Amino acid sequence: MVGWFKILKLTPLLFLPIAFYLFHHQSYFYSIVSIAQKCPCSFDSIASCQACRNPKRTLMYIIWGKGGYCSEMNQLLLAFAYSVWSKRHFIIDARQWNYGNFSHYFHVPSMNYFPYTNRMYLGKNNSENELIDHAQTTRTGNILNRFWIASLKVQSLEKIRYVTHYLWKSLTNETFKFIEEHRIKRLPKTYIGIHVRKGDKLIKEAREIPLMEYITLIEAMVKRKKTIRHIFVASDDHTVIGQLRRLRPRWYFVGIDRRKHRKTNTTGHYQKNFDQLSEKDKIFETRLFMTEMQMLIDAKYVLCGMSSNVCRFIQLLRHQNPATLISLDYKWRST
């Protein structure tokens with residue numbers, strides 16, 4: 001009887017080493033438990049979803065690395081919207097991006113490459129996609145076609161604007177300061193913004209929109225809306241602003257003088273030439289382009305052509321009523 005009493009008395013001491021081990025390895029056990037937790041993902045809680053440290057479900061978008069900035073961003077944002085809709089933590093594999101490191105421009109939690117041995121490409125059937133915990137997609141071949149079908153439910157301006165605004169708010173300090181330094185500040189709040197695409201876009205993909213079409217539309221807007229004729233011009237061709245000034249000398253056209261900065265052809269953007277730049281020059285020119293995007297975000301009205309990925313990206317970036325952006329060719333589409 002005395003022996004049993006001694007054993008019972010010593011029993012708590014036997015658990016001390018186990019308790020000590022658990023205390024010093026609690027972060028390890030916490031991570032195991034948290035892996036089983038679902039992140040609170042919705043269009044109203046994107047930040048919470050992206051802040052999830054050990055997500056149970058993820059979607060990784062693999063940047064193609066050969067397209068233009070807005071072409072890639074439009075595809076990426078559709079994938080981001082699908083990720084939120086399917087309650088997944090969004091991840092970007094930007095190792096092949098021809099514009100540099102994604103973190104040069106955006107600071108978004110967990111936007112890095114996380115390898116999963118069981119990661120699978122999304123198919124066109126969402127019932128089957130739901131069975132995939134860690135999925136991936138990209139914009140090449142049949143993978144793009146399958147994802148386009150799967151993402152039909154989120155191909156709306158309203159849904160993709162949610163993730164676009166979230167992303168643009170995450171500009172790095174360096175990019176934000178660059179935009180503030182290079183943007184034009186001497187414009188009234190009622191200025192009109194226009195985007196005129198030249199360069200390689202006109203070779204096969206789109207028709208050239210005559211500048212008189214912009215002028216005619218602006219004149220109709222000024223007459224109807226009594227808008228001040230201050231126009232910010234964004235274009236990959238520096239000669240456009242001079243042509244506009246000759247067409248309407250009394251109007252006030254302004255733009256960022258890209259001739260002071262560009263290392264490639266100033267009479268149009270050609271992707272092959274841009275891709276040959278050094279990383280430093282790519283980052284500078286991309287931030288200059290993002291400055292133009294910010295000017296178009298803030299404009300009261302914007303005129304552009306939806307045949308250009310830039311115009312479609314601007315519509316996503318803006319917070320104003322979609323009707324304040326007017327396309328001179330096609331209607332908005334997600335990609």
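Side-chain atoms are counted along with the backbone in the values below, which use heavy atoms only and exclude waters and symmetry mates. Because the structure is predicted, anything quoted here is derived from the model rather than measured.
In this structure, the disulfide bond (SG atoms under 2.5 Å apart) partners of Cys41, at least two apart in sequence or on a different chain, are Cys49. Remark: Phe43 pairs with Tyr162 by the ring pair (Phe, Tyr, Trp, His ring centres under 6.0 Å) rule, at least two apart or across chains. Applying the ring pair (Phe, Tyr, Trp, His ring centres under 6.0 Å) rule to Tyr121 yields no partners; only residues at least two apart in sequence or on another chain are considered.
No hydrogens or angles considered: nothing links the side chains of Tyr69 and Glu285 as a donor-acceptor pair under 3.5 Å. One side chain, Thr239 or Asp237, offers a donor N or O that lies under 3.5 Å from an acceptor on the other. No hydrogens or angles considered: nothing links the side chains of Tyr330 and Arg312 as a donor-acceptor pair under 3.5 Å. Residues Thr324 and Asn321 bring no donor and acceptor atom of their side chains to less than 3.5 Å of each other.
Of the possible donor and acceptor atoms, none in the side chain of His165 sits under 3.5 Å from a partner among the backbone N and O of Ile160. Here the side chain of Asn129 pairs a donor or acceptor atom with the backbone of Gly123 at under 3.5 angstrom. A donor-acceptor contact shorter than 3.5 Å links the side chain of Gln320 to the backbone of Ile297. With hydrogens and angles disregarded, no donor-acceptor distance shorter than 3.5 Å links the side chain of Ser83 to the backbone of Thr58. Here the side chain of Asn98 pairs a donor or acceptor atom with the backbone of Gly67 at under 3.5 angstrom. Side-chain atoms of Gln75 do not come within 3.5 Å of backbone N or O of Thr138 as any donor-acceptor pair. With Ser170 contributing its side chain and Phe106 its backbone, the two residues share no donor-acceptor pair below 3.5 Å. With hydrogens and angles disregarded, no donor-acceptor distance shorter than 3.5 Å links the side chain of Arg287 to the backbone of Ile179. Under the 3.5 Å distance criterion, the side-chain polar atoms of Thr137 are left unmatched by any main-chain donor or acceptor of Phe147. Of the possible donor and acceptor atoms, one in the side chain of Asn74 sits under 3.5 Å from a partner among the backbone N and O of Asn309.
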Verdict with reasoning, Leu325 to Cys311, per side chain to side chain contact (heavy atoms under 4.5 Å, CB included): CA-CA 9 Å; Leu325 184 147; Cys311 186; 4.0 Å; yes

Ser103 vs Asn101, side-chain hydrogen bond (donor to acceptor under 3.5 Å, both in side chains): CA-CA, chis, key distance, verdict: CA-CA 5 Å; Ser103 61; Asn101 195 309; 2.7 Å; yes

Check against side chain to side chain contact (heavy atoms under 4.5 Å, CB included), Ile283 and Lys280: CA-CA 5 Å; Ile283 294 170; Lys280 181 180 178 181; 6.0 Å; no

Verdict with supporting geometry, Val254 and Tyr191, side chain to side chain contact (heavy atoms under 4.5 Å, CB included): CA-CA 10 Å; Val254 295; Tyr191 74 89; over 6 Å; no

Side chain to side chain contact (heavy atoms under 4.5 Å, CB included) evaluation trace for Asp93 with Gln136: CA-CA 10 Å; Asp93 181 354; Gln136 62 187 5; over 6 Å; no

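In this structure the side chain of Phe232 reaches within 4.5 angstrom of the side chain of Leu296, judged on heavy atoms. Within the 4.5 Å cutoff, no side-chain heavy atoms of Met120 are placed close to those of His134. Within the 4.5 Å cutoff, side-chain heavy atoms of Gln50 are placed close to those of Phe80. When side chains are defined from C-beta on, Phe274 counts as touching Thr286, because their heavy atoms get closer than 4.5 Å. Ser327 is not listed as a side-chain neighbour of Gln315, based on a closest heavy-atom distance of 4.5 Å or more. In this structure, Ile46 and Phe90 have side chains that are not in contact, with every pair of non-hydrogen atoms separated by 4.5 Å or more. For the pair Ile62 and Met60, the minimum side-chain heavy-atom distance is below 4.5 Å.
Considering all non-hydrogen atoms of both residues, Leu244 and Phe253 come closest at O-CE1, 3.4 Å. When every heavy atom of Lys185 is checked against every heavy atom of Glu181, the shortest pair comes out as NZ-O, 4.2 Å. The minimum heavy-atom distance linking Leu171 with Met290 is given by the pair CD2-CE, 3.5 Å. Summarising the geometry of Arg119 relative to Ala135, their closest heavy-atom pair is NH1-O, 2.6 Å, with the distance given to 0.1 Å. The two residues Glu292 and Ala234 come nearest to each other via the heavy atoms OE2-CA, 3.9 Å. Summarising the geometry of His104 relative to Glu279, their closest heavy-atom pair is CE1-OE2, 3.8 Å, with the distance given to 0.1 Å.
In this structure, Arg57 pairs ionically with Glu130, as a charged nitrogen and a carboxylate oxygen lie closer than 4.0 Å. Using a cut-off of 4.0 Å between Lys/Arg side-chain N and Asp/Glu carboxylate O, Lys177 and Glu174 are scored as not salt-bridged.
By the rule that hydrophobic residues join a cluster once side-chain heavy atoms approach within less than 4.5 Å of another member, Leu152 and Leu59 end up as members of separate clusters. Residues Ile149 and Trp85 are members of separate hydrophobic clusters, defined by side-chain heavy-atom contacts under 4.5 angstrom among Ile, Leu, Val, Met, Phe, Trp and Tyr. Put simply, Trp148 and Tyr82 are part of two different groups of oily side chains (I, L, V, M, F, W, Y) that touch within less than 4.5 Å, one to the next. If you chain together hydrophobic residues whose side chains sit under 4.5 Å apart, Met212 and Leu328 fall into the same group. Following chains of ILVMFWY side-chain contacts shorter than 4.5 Å, one can reach Leu76 starting from Trp332, so the two form part of one hydrophobic cluster.
The CD1 atom of Ile92 sits 3.5 Å away from the CZ atom of Phe102 when rounded to the nearest 0.5 Å. Taking CD1 of Ile314 as the start and CZ of Arg318 as the end, the distance is 8.5 Å to the nearest 0.5 Å. Separating the NE2 atom in His230 from the CH2 atom in Trp251 is a distance of 12.5 Å, to the nearest 0.5 Å. Taken from CG in Leu131 to CG in Asn125, the straight-line distance is 9.0 Å, to the nearest 0.5 Å. One finds the CG atom of Leu144 at 10.0 Å from the CZ atom of Arg146 (value rounded to the nearest 0.5 Å). If you take CD1 on Ile231 and CG on Leu187, they are separated by 10.0 Å, rounding to the nearest 0.5 Å.
His182 and Phe178 have parallel rings, their planes meeting at less than 30° on a 0 to 90° scale where 60° marks the start of perpendicular.
The number of heavy-atom neighbours closer than 6.0 Å to CD of Gln243, taken from other residues, nucleotides and ligands shown, is above 12.
For the side chain to side chain contact (heavy atoms under 4.5 Å, CB included) with Glu72, the lone residue among Phe313, Tyr99, Trp64 that qualifies is Trp64.
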